[in-house]
Amino acid sequence: MNSVEQVESTEEEQKSVKDALLSAYEKNISTKLKAELCNLDVNNFVNTKEASARYEKSEQWCTSRWHQFKVLLQRGVRERRYEAFNRLRIFQVISVAVLGGLLWWHTPASHISDRIALLFFFSVFWGFYPLYNAVFTFPQERTMLIKERSSGMYRLSSYFLARTFGDLPLELALPTAFVFIIYWMGGLKPDPLTFILSLLIVLYSVLVSQSLGLAIGAILMDIKQATTLASVTTLVFLIAGGYYVQQIPSFIVWLKYLSYSYYCYKLLLGVQYNEDDVYECGTGGLCRVGDLPAIKSMGLNHLWIDVAIMALMLLGYRLLAYMALHRVRLR
């Protein structure tokens, strides 16, 4: 019993000493040190309280928001370029693209179901792959973020914007290569404008998917919990994406409108086909594309509304991630 009490008293003493040191640092050293770092002439002030008042009146940050953004952007790109373009990741994406291209090799226009399946594969693969990569971002950087923000190195907004813009070239390069390979190997509509629109839709979906992954990671800040929630979310979005279940019961039909894969799939269909296009049916005649059940259940009208909804998802998920990071305790 005495040994247990001795251990508990030692832990309490260590905690009280730590709290006392932190309190003393905040009262006597922190503000004066920051003022010196910010090039304020602290020798002109009588005491630390006067320096503190002057420091708080002048400005809270030593550097401008733009300078913080530039430094964090350069550091982020330098650190993550090797992670984004490591050999394993490149091999994974390129091998899937080549294998998919071989499976859908020059699919005839009459095999419209196979072409539709290829478009859905686009929306699924690049709807979920970036999400799982993004989920790890903030939980892995949590310790560094807390340490650097506690010392007042930069604003959270500068960090978040640098992370957002720094990820763009890194996260969009591999999807571009993927679409370029599998689109032409799969024999989709051989029109440059259609190809460019299809590529832009996939990249758009990548950004939305990444935003959701960042939001999940920022909210939970635990890798195991975040990956579990991401798995459940992607499974629901996959089923409700409009390909596997074309007639969803009315009481749960709202699920598909939460799925960005649904909107990506619909947009890809919209740039490949018009409802009045025709294809060769199994009977040897010509059938209208708009009458095909897979197309009819999706509808190819009001595509700009789908673009706007995905834009709201993109901004909403990013804002949610930013607000969640604000809740992270610095100490």
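This one's a predicted model, so the numbers in the text were calculated from it and none came from an experiment. Note: hydrogens, waters and symmetry copies are ignored here, and every other heavy atom, side chains too, is used.
Y260 places a side-chain N or O within donor-acceptor distance of the main-chain N or O of G127, the cut-off being under 3.5 Å. Between the side chain of W126 and the backbone N or O of L203, no donor-acceptor pair lies under 3.5 Å. Counting only distance, with no hydrogens or angles, the side chain of Y263 and the backbone of Y257 share a donor-acceptor pair below 3.5 Å. Although no hydrogens or angles enter the test, the distance criterion places no donor-acceptor pair under 3.5 Å between the side chain of N133 and the main chain of P130. For the pair S205 (side chain) and I201 (backbone), a donor-acceptor distance under 3.5 Å is absent. Between the R142 side chain and the D222 main chain, no donor and acceptor come within less than 3.5 Å of each other. A donor-acceptor pair under 3.5 Å is absent between the side-chain atoms of Y317 and the main chain of S209, judged by distance alone. The main-chain N or O of L88 is found under 3.5 Å from a side-chain atom of N86 such that the two form a donor-acceptor pair. Between the side chain of E280 and the main chain of A109, no donor-acceptor pair closer than 3.5 Å is present.
Between Y132 and T234, the side chains place a donor N or O and an acceptor N or O closer than 3.5 Å (distance only, hydrogens not considered). Residues Q92 and Y129 have side chains that bring a donor and an acceptor to within less than 3.5 angstrom of each other.
Note on R75 versus E148: salt bridge recorded, some NZ/NE/NH1/NH2 to OD/OE distance being below 4.0 Å. Look at E171 and R163 and you find no salt bridge, because none of the NZ, NE, NH1 or NH2 atoms lies under 4.0 Å from a carboxylate O.
Contact of the L325 side chain with the M221 side chain is registered, since non-hydrogen atoms from C-beta on lie closer than 4.5 Å. Contact check for Y262 versus M298: side-chain heavy atoms found under the 4.5 Å cut-off. With a 4.5 Å cut-off on side-chain heavy atoms, E275 and N301 count as touching. In this structure, the side chains of F138 and I216 stay at 4.5 Å or more apart for every pair of heavy atoms. Between W104 and F121 there is a side-chain heavy-atom pair separated by less than 4.5 Å. I248 has its side chain within reach of I252: a pair of non-hydrogen atoms, C-beta onward, lies under 4.5 Å apart. Contact of the I116 side chain with the L292 side chain is registered, since non-hydrogen atoms from C-beta on lie closer than 4.5 Å. Side-chain contact between F136 and T227 is present, with at least one heavy-atom pair separated by less than 4.5 Å.
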Check your understanding: Going through the checks in order, is the ring pair (Phe, Tyr, Trp, His ring centres under 6.0 Å) test met by F120 and Y244?
Key -> CA-CA 10 Å; F120 184 71; Y244 292 114; 5.5 Å; yes

Exercise for review: I would like to know whether Y273 and Y279 meet ring pair (Phe, Tyr, Trp, His ring centres under 6.0 Å); could you show each step before the answer?
Suggested key: CA-CA 10 Å; Y273 299 105; Y279 66 97; 8.4 Å; no

Review point. Under the side-chain contact (heavy atoms from CB on, under 4.5 Å) criterion, do Q272 and S198 qualify, and how do the steps go?
Key: CA-CA 8 Å; Q272 285 288 324; S198 300; 3.7 Å; yes

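Within 6.0 Å of atom CZ in F180, 12 or fewer heavy atoms from other residues, nucleotides or ligands are found, so the atom counts as exposed in its surroundings. Counting non-hydrogen atoms of neighbouring residues, nucleotides and ligands closer than 6.0 angstrom, the CZ atom of R288 exceeds 12 such neighbours.
Of the options R65, Q68, H326, a side-chain hydrogen bond (donor to acceptor under 3.5 Å, both in side chains) to S157 is made by R65 and by none of the others.
Pairs of residues two or more places apart, or lying in two chains, that qualify as salt bridge (charged side-chain N to carboxylate O under 4.0 Å, His left out) and include a residue from residues 298-320 are K266-D306.
The aromatic rings of F122 and Y183 are tilted relative to each other, their planes meeting at an angle between 30° and 60°.
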